[in-house]
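Beneath this line is the structure, given in C-alpha cells, with notes to follow.
This is a predicted model, so every value here is computed, not measured. First the proteins, then the strands, lettered A, B, ... as listed; each starts at 1.
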Amino acid sequence: MRVADLIQFNLHLLLRQWFRTLMILLATAVGVAAVLLLTGLGEGARRFVLDEFSLLGQDTLIMLPGRKETTGGLPPLTGEGTRDITLEDVAALERLPEIQMVAPLIVGNAQVYVGGRNREILTLGTSARFFDLRQLSMQQGQALPQATLEQAGSVCVIGPEVREILFGAAPALGEWIRVGDRRFRVIGIVEDRGESLGMDVSNQVIIPVASAQQIFNTQGMFRVLLQVRPGASFDSARQRVLELMQQRHGGERDVTLITQDALLGAFSDILHLLTLSVGAIAAISLVVAGILIMNITLISVSQRTAEIGLLKALGASANLVRLLFLSEALMLSTLGALLGIASGYALLWLGHSIWPQFPVSVPFWALSGSLVIALGVATLFAWLPASRAAHLAPVLALRGEVHDA
Amino acid sequence: MIRLEQLCKTYHLGGESVHALDHFDLCIEAGDYLSVMGPSGSGKSTLLNMLGLLDTPDSGRYWLEEQEMGALSEEQHARVRNQRIGFVFQAYHLIDRLSARENIELPLVLTGVPPRERKPRVDELLERLGLEHHATHHPHQLSGGQRQRVAIARAVIRRPALLLADEPTGNLDSHASGEVISLLEELNGEGITLLVVTHDPAIGGRARRRLWMQDGALIRETDGDGNTVNSESDRADARR
C-alpha cells in the first residue's frame, strides 16, 4: 500500500471518529507538553542558578581554612582550620603577581539596632575589594572606602532589604546603626541584584573586616576570595597561593582552595538530576496516553472486525492489516506530540514573557525524548491489538458483521 | 482450473462436530457458471470460503490454476485473493466511510497501484455498471441494487479468474435481483468463472452446472436441461 493511500485511509477513519481522535490527541499532547514544560522549567531553574552563581566570574578562587577533600562535592560550610587565615595572610596573598585582588570575608549573624528596632542580620566583614570582585553597584552613597585591612572603620554599607527593615520610608544614608556593640554610619546602599552564591547582599550589612573581627571576636577569615590576574595561568596561580600559604603556616598545607567550577558543578548536577526526575514523572503521563491508545485501538479492532475480514478478502495480508492499525496509532500520536510541542513551547514562552528574568529552555534530550516516548509507546501499545487484528481469520471476521447487521 | 480433492472441514459447535465439508471432490473448468444450493448448514458457504481462501481445510487438497493452495503461505494467499478471486457478499460489505469510487478501487489501493492507473479502470467500470453519477456517493446514499453493483465492481476491478457470490441477491427485491444476476452472468460471459451460492431455485436454476449439497457432501448435480449428471448414488457406485 502506498504511503499517501495509507495516510488518506487513516485520515478517513480518524475524521469519522473525531471525538475519539480528539481525546487521544489531547492525552498525547498533554503528556508531551508536560514533559516539555517541566523540563523547560527545571532547566531554566538550573540556568538561573548558574547565572546567579557565576557572578564571581570564572577567574575566582575561594580559599577556606582547613584542609578539605574537595572532589566536586559541596564543601562544608564551617571550616575550622588548624590555623587561622589572618589579615597578614590576606595582605601577603595580594602581593602575589598572579593575583589581581583579594577580598577577605568574615560572616556572622549580628544583632543590629536602629532607634528602637533591632534585628538579627547577616553581617559581612570585608574590604573595598569585595565590591569590585562581586561587581556590586551602589543604589545610593558609596562602597566601603579603600583603607588598610587592619583599620576598623565605623562605616557600613547595607542592602536595600535591610534599609527597608530598619528605616522603612525614612532616609538611611548618613544614619548611625549599631551592630553588636559597635556603631556604624551608613555610607551606601547596595543595588538589589537578587540571590548570589546563596548570599543575598540585599539583606546583609557590610562592614570593614577589622570591625567584624572585633564584633565576632575572631582573627581568622571565614573565606578569602582571590581573583586571578587576567593572562596569568589559573593553575599556576592556584599553586602559588597554596605554596605561599604553606610557607606562611609553617609548612602545613591547612587551607583549601576551591574553584567556582567545583561548586557550580555540584549544584548543576543536583538541578540536572531534578530536571531529569520531573521529566520522568511527566513521561508517565505519556505512558498513560499509550495505555489509552491501546484501549482505543482494541475497541477499534473489535468494532472493525468485519472490515478487517473484508480487507483480507480483498487481498490485504496479515502484515498489511497490522500496518493499518499501527500507522493509525502512530499518526495519532505524531499529531498529538506535535500539538503538545506547540502548546508546551507556547506555555513556556508565555511564562518567560510574564517573568523575563527566568530563563526557560527545553533541553534537547527532553524534546527528542518525549517524541520518542510518545511514538514508542503508541507503537508498543498498538502492537498487541494490531496483531490481534492481523491474525483474525477472514471468514470469522466477515461472519462477525453478518450478525451485527 | 479448479480441483478439490477429499476436502474436509469440521466445526465444533457446543461439543458437537459438524461436518461442513465431508471428503468433498469437485472440478471446475475455466469459464464455468455454477450454482450451489442446499439447506442451511449444508456446507455451501464453507465450500465458497474454501474456494476463496478465506478458510483453510482440515484435510484435502485444493488446486487453483494448477497451483496447490495448501502449499502457499498466508501472504501468498492474500495475493491470490487480491489478483485471482473476486467476492460478492449478501450484505455487500462496503466500507461506509468511503465513497463508491474509493470502495471500488480498494483492491488496487491495497496493493499499491498508483492513482493515475487506478482512475481509468474505476471510471470504465463505473460507466459500464451505470454508476458514473454515484461515484462520490457513500454506501448509505445508494439503493441496495446500486450497493451490490458497487460491490461487484470492486470484485472485478482486478479482473479475477474466479468470482464467488454468496447469496448476492439475498437482500434485494426481484427487480434489483434480476439486474445483479444479469450483470454477474455478463461477466461470466467474458470468461470469468462464476460460482453463486443461493437459496433461491430461480437464481440457482440459471447456472449451467447446479450443485445440491447436504451435510457437507455433494448429493446431486444437474446440467442446464435439468438432467442429473452425477448423484451421490453414482459416486457411491464409483467408489465401490
Side-chain angles (χ1 to χ4, degrees), chain A residues 1-21 300-301 303-328 331 386-405, chain B residues 9 11 20 45-46 48-56 73-99 102-118 138 151 154-155 157-158 160 164 166-167 170-171:
Chain A
M1 201 161 171
R2 296 160 66 86
V3 175
D5 287 328
L6 194 64
I7 289 175
Q8 206 196 357
F9 190 85
N10 286 336
L11 270 183
H12 266 304
L13 207 62
L14 297 183
L15 289 178
R16 174 92 167 182
Q17 295 163 309
W18 61 269
F19 188 73
R20 174 194 94 117
T21 306
S300 176
V301 167
Q303 280 175 341
R304 288 165 65 197
T305 38
E307 183 184 321
I308 295 162
L310 173 73
L311 290 174
K312 286 195 150 187
L314 295 181
S317 62
N319 283 334
L320 184 53
V321 170
R322 183 186 291 123
L323 179 70
L324 279 173
F325 281 90
L326 277 183
S327 64
E328 186 195 337
M331 254 172 88
S387 294
R388 180 179 287 191
H391 292 117
L392 273 175
V395 60
L396 292 178
L398 274 173
R399 211 179 282 156
E401 204 208 37
V402 180
H403 291 304
D404 293 344
Chain B
K9 182 76 183 180
Y11 292 112
S45 286
T46 305
L48 183 124
N49 292 335
M50 292 296 165
L51 289 172
L53 298 172
L54 297 180
D55 208 348
T56 46
S73 69
E74 171 56 30
E75 293 284 312
Q76 287 166 318
H77 280 176
R79 198 171 313 132
V80 171
R81 281 198 296 265
N82 182 262
Q83 295 177 352
R84 307 309 298 157
I85 304 173
F87 294 94
V88 178
F89 305 98
Q90 176 176 3
Y92 323 125
H93 284 304
L94 298 175
I95 297 182
D96 288 336
R97 62 177 182 278
L98 302 180
S99 68
E102 289 163 332
N103 266 294
I104 293 172
E105 67 181 3
L106 207 49
L108 302 178
V109 169
L110 289 177
T111 46
V113 177
R116 65 177 180 285
E117 284 175 45
R118 301 200 298 249
H138 285 74
R154 182 182 63 192
I157 186 90
R158 269 291 194 178
L164 300 170
D166 191 359
E167 303 276 8
N171 286 0

Most heavy-atom pairs under 4.5 Å with chain B, out of A:D5, A:L320, A:V3, belong to A:D5

In terms of heavy-atom contacts, A:A318 and B:E75 come closest through N-OE2, 4.0 Å

One option among B:G86, B:P107, B:S45, B:P114 has the most heavy-atom pairs under 4.5 Å with chain A, and it is B:P114

Please state whether the side chain, the backbone, both or neither of B:V113 comes within less than 4.5 Å of a heavy atom of chain A.
backbone

Closest non-hydrogen contact found for B:F89 with A:A313 is CZ-CB, 4.3 Å

So what's closer than 4.5 Å to chain A heavy atoms on B:L108: side chain, backbone, both or neither?
neither

What part of A:L311 lies closer than 4.5 angstrom to a heavy atom of chain B: side chain, backbone, both or neither?
both

Would you compute the distance between atom CG of B:D96 and atom CD of A:E307 and round it to the nearest 0.5 angstrom?
9.0 Å

From A:L11 CG over to B:R97 CZ, what is the distance, rounded to the nearest 0.5 angstrom?
11.0 Å

A:L6 portion near chain B, given a 4.5 angstrom heavy-atom threshold
neither

Rounded to the nearest 0.5 Å, the CD atom of B:E74 sits from the NE2 atom of A:H391 at a distance of 8.5 Å

Which answer fits B:R118, side chain, backbone, both or neither, if we ask what part of it has an atom under 4.5 Å from a heavy atom of chain A?
side chain

Most contact-rich option vs chain A, by heavy-atom pairs under 4.5 angstrom, among B:T111, B:T56, B:L98, is B:L98

Answer yes or no: is there a side-chain heavy-atom contact under 4.5 Å between B:L110 and A:F9?
no

So, the part of B:E102 with a heavy atom under 4.5 Å from chain A: the answer is side chain

Test side chain to side chain contact (heavy atoms under 4.5 Å, CB included), reference A:L314, set B:R81, B:R154, B:R158, output is B:R154

Of the listed B:A78, B:P115, B:G52, the one with the largest count of heavy-atom pairs under 4.5 Å with chain A is B:A78

